[in-house]
Amino acid sequence: MRKEKSFVEKVRMATARIPRGKVATYGQIAWMAGRPRAPRAVGMIMSKNKDGEKVPCHRVVASNGALTGYGMGGIGIKKQKLLAEGVAFKGPRVDLDKSLWNPKRKRF
DNA sequence: AAACTGACTTCTC
DNA sequence: GGAGAAGCCAGTT
């Protein structure tokens, strides 16, 4: 029986799995981490960001496709990064209809 | 240990 | 579709 990893670690793994050119919502990350009702906790983890550049936290957006947070320069930088990776945008928000990541795994 | 905070989500007007 | 309020979770202090 494997010892369950911390919520933070699961979130980091889930985020690291997001393929380039796609984005995932905080809700999805929380869902994969085993806490479907904890999108806030996910956001908080990102804000503390112990992952640094190891995890593509810029690929995580709000459920409505809006870019939230991002401390290294603001959502503007985040948007530029996503655009550079080929993420489709619909105005100021991400076009989830095209660039939302479809997680193949159900959970960790 | 308790209380507060925050990069969210969902409901209602 | 936009704005406001309530609910929820884990981390930090």
Return the residues of residues 56-68 of chain A meeting this criterion: a heavy atom under 4.0 Å from some atom of DNA chain B. Order them by number, or give none. A/C57, A/A62, A/S63, A/T68

By side-chain contact (heavy atoms from CB on, under 4.5 Å) - contacts of A/V8 (at least two apart): A/R12, A/I45

Walk along nucleotides 7-13 of chain C from 5' to 3' and tag each nucleotide B, S or - by protein heavy-atom contact under 4.0 Å, base first, then sugar-phosphate. BBBBBS-

Distance in angstrom units between A/R93 CZ and B/dT9 C1', rounded: 14 Å

Under the salt bridge (Lys or Arg N to Asp or Glu O under 4.0 Å) definition, can you give me all pairs with a residue in residues 61-73 of chain A, not counting sequence neighbours? none

In the hydrophobic cluster built from side-chain contacts under 4.5 Å, what are the other members alongside A/I77? A/Y70, A/M72

I need the minimum non-hydrogen distance between A/V87 and A/L83, along with the two atoms involved. O-CD2, 4.0 Å

For A/P19, enumerate each residue passing the side-chain contact (heavy atoms from CB on, under 4.5 Å) test, keeping only those at least two apart in sequence or located in another chain. A/K22, A/W101

Could you work out, with side chain to side chain donor-acceptor pair (under 3.5 Å) as the rule, every residue matching A/R17, not counting sequence neighbours? none

For residues 58-67 of chain A, the salt bridge (Lys or Arg N to Asp or Glu O under 4.0 Å) pairs (sequence neighbours left out) are A/R59-A/E85

Heavy-atom donor-acceptor pair, A/Y70 side-chain to B/dA7 base, under 3.5 Å: no

Between P of B/dA7 and CD1 of A/I18, the distance in whole Å: 18 Å

Scan for salt bridge (Lys or Arg N to Asp or Glu O under 4.0 Å) pairs involving residues 63-81 of chain A, sequence neighbours excluded, and state none if there are none. none

Can you name the side-chain contact (heavy atoms from CB on, under 4.5 Å) partners of A/N64, sequence neighbours left out? A/A62, A/A66, A/R93

Set of side-chain contact (heavy atoms from CB on, under 4.5 Å) partners for A/K90, sequence neighbours left out: A/D95

Expected output is a numbered-order residue list: members of residues 73-89 of chain A with a heavy atom under 4.0 Å from any atom of DNA chain C. What is it? none

